[in-house]
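Just below is one structure, and these are the notes that go with it.
Computation of the quantities below employed the complete heavy-atom set of this structure, encompassing side-chain atoms and omitting hydrogens, waters and symmetry-equivalent molecules.
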Amino acid sequence: MSSEVLGLEAVGKVYNPGTPAAVAVLDGASLSLAEGEVVALVAPSGAGKSTLLHIAGLLDTPTRGAVRLMGQAVAGLGDGARTRLRRDAVGFVYQFHHLLPEFSAVENVAMPQRAAGAGRAEAAGRARELLESVGLGHRLDHRPAELSGGEQQRVAVARALANGPRLLLADEPTGNLDPETSARVFAILLDRVRGAGLAALIATHNPELAARMDRVLRLKAGALAEG
């Protein structure tokens, strides 16, 4: 039986709690995501899916409820331990690539590895392998401005995989691309995720993309439901 990679238990999130401006975004959201499982997160704009992904990836903390990552309860972790766990266990892909414009594709993918302590040659070698695996072996030394939108997003996918995460979180990863490019980039993302046996939670508005995943979770009124 596959082991749990990510668990959320009755997670709630309220911004500005205790004030007249309080906004409840999540209310009892629960999920369990197993190793090798690819799950679609579907919700209308403003429903809180980005907040949920940030909490799952330890970029934000819930107002209530529990988060488990790699079987570890994260509530009692200090900032340093949270940062290390996030760096080692989680990869992120966003709607916009967020590549550093002054660096080449190889340098962008090598950067998180260098931050994790990898040597320059080791990081560059893995970066080249990852970029070749997403079909960008001919674009290694190109800067983001020299790449198409689809190529930039493929670099972002390679960067998310650079430190060998066990969980991939993606927030509308192809939402800024035209339909044909979106389908191509998503196919590459799905291939890389399944090939590495990762758990993945991928937010999307696209029902065709959602249907290609193992199951669908819908976020409504702050809670998650299957289908």
Qualifying residue, where the test is side chain to side chain contact (heavy atoms under 4.5 Å, CB included) with L209 and the options are V42, T174, L190
T174
Mind checking what makes side-chain hydrogen bond (donor to acceptor under 3.5 Å, both in side chains) contact with S32, not counting sequence neighbours?
E4
Is it true that D171 and S50 share a donor-acceptor pair across their side chains at a distance under 3.5 Å?
yes
If the condition is ring pair (Phe, Tyr, Trp, His ring centres under 6.0 Å), which residues does H98 pass it with, not counting sequence neighbours?
Y94
Quick check on the hydrophobic clustering: are V5 and L31 connected, directly or via other members, by side-chain heavy-atom contacts under 4.5 Å?
yes
For A34, does its backbone N or O pair with a side-chain atom of E37 as donor and acceptor, under 3.5 Å?
yes
Starting from V185, walk the hydrophobic network (Ile, Leu, Val, Met, Phe, Trp, Tyr; side-chain heavy atoms closer than 4.5 Å) and list everyone else you reach, by chain and number.
L177
Taken in chain and number order and not counting sequence neighbours, the residues that satisfy salt bridge (Lys or Arg N to Asp or Glu O under 4.0 Å) with D88 are none
Considering only heavy atoms from C-beta outward, does the side chain of L224 approach that of L41 to under 4.5 Å?
yes
Judged by modelled atom types alone, do T181 and D178 share a side-chain donor-acceptor pair under 3.5 Å?
yes
Do D79 and R84 meet the salt-bridge criterion of a basic N to acidic O distance under 4.0 Å?
no
Look at E102 together with R143 and state whether they make a salt bridge at an N to O cut-off of under 4.0 Å.
no
Within a reach of under 6.0 Å around CD of E208, are more than 12 heavy atoms found that belong to other residues, nucleotides or ligands?
no
Partner set under salt bridge (Lys or Arg N to Asp or Glu O under 4.0 Å) for E9, not counting sequence neighbours
R68
Using links of under 4.5 Å between side-chain heavy atoms of ILVMFWY residues, direct or through other members, which residues join M111 in one cluster?
L100, F103
